[in-house]
Amino acid sequence: MGKVTGFMEYDRLAEANLPVTDRVKNYKEFVLHLSDAEAKQQGARCMDCGIPFCTTGCPVNNIIPDFNDLVYSQDWKAAIDVLHSTNNFPEFTGRICPAPCEAACTLNINADPVGIKSIEHAIIDKAWENDWVTPQISAHKTGKKVAIVGSGPAGMAAAQQLARVGHSVVLLEKNSRIGGLLRYGIPDFKMEKSHIDRRMAQMEAEGVEFRVNQNVGENVNADDLLAEFDAVILAGGAEYPRDLPVKGRELDGVMYAMDFLTPQNQVVAGDTVANQVMASNKNVVVIGGGDTGSDCVGTSNRHGALSITQFELMPQPPEKENKELVWPNWPLKMRTSSSHEEGVSRDWSITTKELIGENGKVVALKGAKVEWVNGKMVEVAGSEFTIKADLVLLAMGFVSPVQKLLEVFGVEKDARGNAKATTEGVDSYKTSKTKVFAAGDVRRGQSLVVWAIREGRQAAKAVDEFLMGSSTLPR
Ligand SMILES: Cc1cc2nc3c(=O)[nH]c(=O)nc-3n(C[C@H](O)[C@H](O)[C@H](O)COP(=O)(O)OP(=O)(O)OC[C@H]3O[C@@H](n4cnc5c(N)ncnc54)[C@H](O)[C@@H]3O)c2cc1C
Ligand code: SF4
C-alpha cells in the first residue's frame with residue numbers, strides 16, 4: 001500500500017475531456033489520460049484492503065491493488081507487467097470498459113471509488129509510449145493448428161494466448177478488417193482503431209495469421225476447417241439485432257443502429273461507402289437506452305442532426321443506488337455517457353406504437369408512456385404522443401448469434417440460441433461438437449469487451465489443455 005492516509009487526503013480525479021464544441025467536429029478520442037502526478041495521487045487512494053473486491057468485480061480479475069501501488073511509487077514498468085498478466089488489451093478496457101471494478105471498490109461504500117480505469121488507461125498509454133509492449137514470441141512450436149472464427153476481443157485474446165504457447169493460430173474474419181465490434185461497432189471517438197492495428201502487428205510478430213473476408217459457412221466450409229485444424233474456437237459474437245415489430249417498420253429511414261454506425265467507422269478508416277445514411281439536418285429518434293443507443297447519439301451529433309431524442313422502454317433508474325443493498329455488485333442507476341453530454345433529449349418508460357410515413361419515408365413516431373404493473377407493461381391512458389422523426393435508429397440490443405455459424409458446425413444451442421458451453425470444469429468452453437470451442441458473445445450473449453477478453457483467455461487455456469494434456473496458460 002502506497003500511502004496509508006491517501007484515501008482520506010485525496011479526492012477521486014476525473015480524466016479531462018476536450019470541450020464538447022471541439023470534439024463533436026471530428027471522430028477523434030477526446031478523453032485525456034491522467035498525468036503522472038495525477039495517477040500517482042489516484043493510486044495513493046487505494047486502501048489495499050484485505051479482500052480486494054475490485055479484483056473480483058473485474059471480469060479479467062486485474063490485480064488492481066498491486067498496480068495502484070506501483071503507480072503510486074511511479075514504477076510504471078512493473079505496473080504494466082502486472083496489468084498484462086491478466087489483460088491482453090488494457091488499452092481497449094482502459095477506454096471503453098464500464099468499470100465494474102469501481103462499483104466493487106471498498107471506498108465506493110461511503111465515498112468515491114478509486115479511479116481504477118483511469119489508472120489502467122495511464123499505465124498502458126505510458127507502456128506504448130515507452131516501447132514496453134513487445135511481441136512475446138514462443139521459443140518452441142507445438143505443431144498444433146487452431147482456427148478461430150471471429151476477430152472481436154474474444155477471438156483476439158484467444159489467438160494471442162494460443163500463439164504465445166507455440167500453437168499455429170489462424171484468425172478468420174468475415175469482414176475486411178480485424179477487430180469485431182471494436183472495429184465496426186464502437187465509434188472512433190470512444191476508441192480509435194489504431195489501437196487494434198498496433199495489437200495486430202504485435203500478434204502477427206507472435207505468429208498469429210489473420211485471414212479477412214473469410215465468412216465461415218458461406219465462402220469457407222466448416223468441414224474443411226475441422227479437417228485442417230486440431231481445434232476450432234467459435235468467437236463470432238452475437239450479431240442478430242432485436243427488431244421493432246410495429247406498423248411502419250418497413251419505412252425508409254428506419255434502420256438498425258449497426259447499419260448506421262458501421263459505415264461511419266468505415267468512412268473514418270478511409271473507405272468509400274456508397275449511400276451512407278447521415279443524420280445531418282434530421283430529427284433523429286434513437287430507440288434503446290444502452291451503449292449502442294448512446295453511440296448513435298454521439299455519431300448523430302457529429303453528423304449535425306437537427307434534434308436527437310432517445311427513448312428507453314424501461315423506467316428511469318434512480319440517480320444513486322442504495323449501496324447497502326447492492327455493493328459490491330454492479331448497480332442499476334442513472335448513467336449519462338459522454339455522448340449524452342454532447343446533446344440529446346432522453347425519456348424513459350416509452351413504447352413505440354407506430355412509425356408514420358409519407359411517400360414511403362418515415363416522418364414521425366407515435367409513442368406512449370408505459371408503467372409496469374405486477375411485472376406487466378401497461379400503457380398510461382391519455383399519454384400518447386407524436387414526435388417528428390426523419391431517422392429512426394433501432395438500438396434495442398442483440399438477440400443471439402447468427403444461427404448459421406452454429407448450424408454449419410452442428411453445435412448444440414442453449415435456450416437463447418447461443419452456442420452451448422459451460423465455463424467451469426473439464427468441459428470448459430467445449431461445445432457439443434468434438435474439438436469445437438466457443439467464447440465471447442457467441443456463448444454468453446451480448447455482453448462487454450472485458451468479458452470477451454476473459455472468455456478468449458479462458459477458452460485458450462481450455463484448448464491448450466485439450467491439445468497438450470495440460471497448460472501453463474493462466475485462467
Ligand atoms: C455499438 C456497440 C457499442 C458497444 N460499446 C461497448 C462499450 O463501450 N464497452 C464494452 O465493454 N462493450 C461494448 N459493446 C459490446 C462489445 O463490443 C461486445 O460485447 C464485444 O465486442 C464482444 O466480443 P466478441 O469477440 O465476443 O464478438 P464481436 O466483437 O462481435 O466479434 C465477432 C466477430 O466475428 C465475426 N464473425 C461472425 N460470424 C462470422 C463468420 N461466420 N465467419 C467469420 N467471421 C465471423 C464478426 O464479423 C465479428 O468481427 C458495444 C457493442 C455495440 C454493438
Ligand atoms: S478491465 Fe474494466 S473492470 Fe477490469 S480493472 Fe479495467 S476498468 Fe476495471
Side-chain angles (χ1 to χ4, degrees), residues 54-64 67 83 86-87 89-90 92-105 113-121 123-124 147-158 171-187 190-191 211-220 222 225 234-239 241 256-258 260-262 265 290-296 298-299 330 337 339 395 397-398 401-402 404-406 408-409 438-456:
C54 53
T55 291
T56 324
C58 168
V60 290
N61 305 126
N62 275 344
I63 310 162
I64 295 162
F67 67 61
L83 183 50
T86 54
N87 187 350
F89 313 120
F92 304 164
T93 47
R95 286 173 169 75
I96 56 173
C97 187
C101 55
E102 294 183 9
C105 173
V114 174
I116 300 166
K117 179 179 166 183
S118 64
I119 293 175
E120 180 172 348
H121 184 183
I123 296 171
I124 183 61
I148 301 177
V149 183
S151 69
M156 286 182 72
L171 193 48
L172 299 130
E173 170 55 52
K174 71 174 156 64
N175 289 323
S176 58
R177 288 192 180 87
I178 296 294
L181 289 173
L182 292 168
R183 176 78 68 179
Y184 286 127
I186 294 167
K190 270 168 61 180
M191 197 192 99
R211 289 187 198 162
V212 294
N213 301 316
Q214 305 289 302
N215 194 337
V216 178
E218 300 292 342
N219 63 1
V220 178
L225 288 184
L234 304 182
E239 297 188 295
Y256 288 123
M258 284 297 289
F260 175 70
L261 295 173
T262 303
N265 286 15
D291 272 339
T292 308
S294 164
D295 292 347
C296 290
T299 303
W330 183 247
S337 72
S339 290
F398 296 82
V402 173
K404 187 160 181 199
L405 176 62
L406 309 184
V408 293
F409 281 96
D441 283 7
V442 78
R443 194 202 66 79
R444 60 182 295 116
Q446 187 200 20
S447 185
L448 293 173
V449 168
V450 65
W451 276 104
I453 296 173
R454 169 198 172 105
E455 295 221 347

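Note: hydrogens, waters and symmetry copies are ignored here, and every other heavy atom, side chains too, is used. Order of listing sets the numbers, starting from 1, for every ligand and every atom in it. The chain is numbered in sequence order, starting from 1.
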Exercise. Would you mind telling me if ligand 1 is within reach of the side chain of Gln214, the backbone, both or neither, using heavy atoms under 4.0 Å?
Key: backbone

Self-check item: Ligand-side contact atoms (ligand 2) for residue partner Ile64, heavy atom cut-off under 4.0 Å
Solution: 5 (S)

Self-check item: atom 6 (Fe) of ligand 2: the protein heavy-atom neighbour that sits closest, reported with distance to 0.1 Å
Solution: Glu120 OE1, 2.0 Å

Quiz item: Do Ile64 and Cys101 touch side chain to side chain, with heavy atoms closer than 4.5 Å?
Solution: yes

Quiz item: What's the spacing between Phe89 CZ and Met191 CE if we round to 0.5 Å?
Solution: 10.0 Å

Self-check item: Heavy-atom closest pair, residues Gly237 and Pro401
Solution: O-CB, 3.4 Å

Quiz item: What protein heavy atom is closest to atom 27 (O) of ligand 1, reported as residue, atom name and distance in Å?
Solution: Gly237 CA, 3.4 Å

Quiz item: Identify the closest protein heavy atom to atom 38 (N) of ligand 1: which residue and atom is it, and at what distance?
Solution: Lys174 CE, 3.6 Å

Quiz item: What pair of heavy atoms forms the shortest contact from Ile453 to Ala157, and how long is it?
Solution: O-CB, 3.8 Å

Quiz item: Of the choices Leu181, Asp295, Val212, Thr93, which has the non-hydrogen atom that lies closest to atom 28 (P) of ligand 1?
Solution: Leu181

Exercise. List every atom of ligand 1 that sits less than 4.0 Å from any heavy atom of Ala235, numbering the atoms from 1 in the order shown and giving each element.
Key: 32 (C), 33 (C), 34 (O)

Quiz item: Which is closest to atom 21 (O) of ligand 1 in terms of heavy atoms, Gly152, Pro153, Ala452?
Solution: Pro153

Quiz prompt | Protein heavy-atom partner closest to atom 25 (O) of ligand 1 - residue, atom, separation in Å | solution = Ala154 N, 3.0 Å

Quiz item: Between atom CG of Asp441 and atom CZ of Phe398, what is the distance when rounded to the nearest 0.5 Å?
Solution: 9.0 Å

Self-check item: Pro401 contact mode with ligand 1 (heavy-atom cut-off under 4.0 Å)
Solution: neither

Practice problem: Tell me which one of Ser447, Gly185, Gly150 gets a heavy atom nearest to atom 14 (N) of ligand 1. | Solution: Ser447

Self-check item: Val449 vs Ile186 side-chain heavy atoms within contact, under 4.5 Å
Solution: yes

Self-check item: Distance filter under 4.0 Å to Leu261 heavy atoms, resulting ligand 1 atoms
Solution: 1 (C)

Quiz item: Would one find an N or O of Gln446, backbone or side chain, under 3.5 Å from an N or O of ligand 1?
Solution: no

Exercise. Could you list which atoms of ligand 1 come closer than 4.0 Å to a heavy atom of Gly180?
Key: 29 (O), 31 (O), 48 (C), 49 (O)

Quiz prompt | Atom indices of ligand 2, in the order listed, that fall short of 4.0 Å to a heavy atom of Val450 | solution = 1 (S)

Practice problem: Kindly identify the option in Thr292, Val449, Asp291 whose heavy atom sits closest to atom 7 (C) of ligand 1. | Solution: Asp291

Self-check item: Cys101 near atom 2 (Fe) of ligand 2 via N/O/S, less than 2.8 Å
Solution: no

Self-check item: Residue and atom name of the nearest protein heavy atom (relative to atom 26 (O) of ligand 1), distance in Å to one decimal
Solution: Asp441 N, 2.8 Å

Quiz item: Can you tell me the protein heavy atom closest to atom 49 (O) of ligand 1 and the distance?
Solution: Glu173 OE1, 2.6 Å

Quiz item: Would you find a donor on one side and an acceptor on the other, under 3.5 Å apart, between the side chain of Gln214 and the backbone of Val220?
Solution: no

Self-check item: From Thr56 atom OG1 to Asn61 atom CG, the distance as rounded to the nearest 0.5 Å
Solution: 7.0 Å

Quiz item: Got a salt bridge between Glu173 and Arg183, using NZ or NE/NH1/NH2 to carboxylate O under 4.0 Å?
Solution: no

Exercise. Provide the closest heavy-atom pair for Cys54 versus Ile116 in the form atom of the first, atom of the second, distance.
Key: CB-CD1, 3.9 Å

Exercise. Give the atoms of ligand 2, by number and element, whose distance to some non-hydrogen atom of Thr93 is under 4.0 Å.
Key: 1 (S)

Quiz item: Thinking salt bridges, do Arg443 and Glu455 make one under a 4.0 Å N-O criterion?
Solution: yes

Quiz prompt | Nearest-neighbour protein heavy atom for atom 9 (N) of ligand 1, which is reported as residue plus atom name and distance | solution = Ile96 O, 2.8 Å

Quiz item: Looking only at heavy atoms, is any part of Leu405 under 4.0 Å from ligand 1, and if so is it the side chain, the backbone, or both, or is it neither?
Solution: side chain

Self-check item: Polar contact flag for Val216 and ligand 1 (N/O pairs, less than 3.5 Å)
Solution: yes

Quiz item: Does ligand 1 have a heavy atom under 4.0 Å from the side chain of Phe398, from its backbone, from both, or from neither?
Solution: side chain

Self-check item: Shortest protein contact, atom 2 (Fe) of ligand 2 (heavy atom only)
Solution: Cys97 SG, 2.3 Å

Quiz item: What protein heavy atom is closest to atom 8 (O) of ligand 1, reported as residue, atom name and distance in Å?
Solution: Lys190 NZ, 2.9 Å

Quiz prompt | Those atoms of ligand 1 less than 4.0 Å from some heavy atom in Asn215 | solution = 40 (C), 41 (N), 42 (N)

Practice problem: From atom 3 (S) of ligand 2, work out which of Gly115, Pro100, Pro98 has a heavy atom at the shortest distance. | Solution: Pro100

Quiz item: Heavy-atom distance under 4.5 Å between the side chains of Asn87 and Glu120, does that happen here?
Solution: yes

Quiz item: Do Ile124 and Thr93 touch side chain to side chain, with heavy atoms closer than 4.5 Å?
Solution: no

Quiz prompt | Proximity of Val402 to ligand 1 by residue part, where a heavy atom lies under 4.0 Å | solution = neither

Quiz prompt | Glu218 near ligand 1 by a heavy-atom separation under 4.0 Å | solution = no

Quiz item: Which atoms form the tightest heavy-atom contact between Ala99 and Trp330, and what is the distance?
Solution: O-CZ3, 3.8 Å

Practice problem: Please report the shortest heavy-atom distance between Ser339 and Gly298, naming the atom on each side. | Solution: OG-CA, 3.5 Å

Quiz item: Is there side-chain contact between Leu448 and Pro98, with at least one heavy-atom pair below 4.5 Å?
Solution: yes

Quiz prompt | Which residue and heavy atom of the protein sit nearest atom 37 (C) of ligand 1, plus the separation | solution = Gly236 O, 3.2 Å

Practice problem: Report yes if some heavy atom in the side chain of Thr292 is under 4.5 Å from a heavy atom in the side chain of Leu261; otherwise report no. | Solution: yes

Practice problem: Could you see which bit of Cys58 sits under 4.0 Å from ligand 2, with heavy atoms only: side chain, backbone, both or neither? | Solution: both

Quiz item: Under the 3.5 angstrom rule, does the side chain of Lys190 hit a backbone N or O of Ile96 as a donor-acceptor pair?
Solution: no

Quiz prompt | Part of Lys404 within contact of ligand 1 (heavy atoms, under 4.0 Å) | solution = neither

Quiz item: With a 4.5 Å limit on heavy-atom distance, are the side chains of Val149 and Val442 in contact?
Solution: no

Practice problem: Mind checking whether Leu182 contacts ligand 1 via backbone (N, CA, C, O), side chain (CB onward), both or neither, at a 4.0 Å heavy-atom cut-off? | Solution: neither

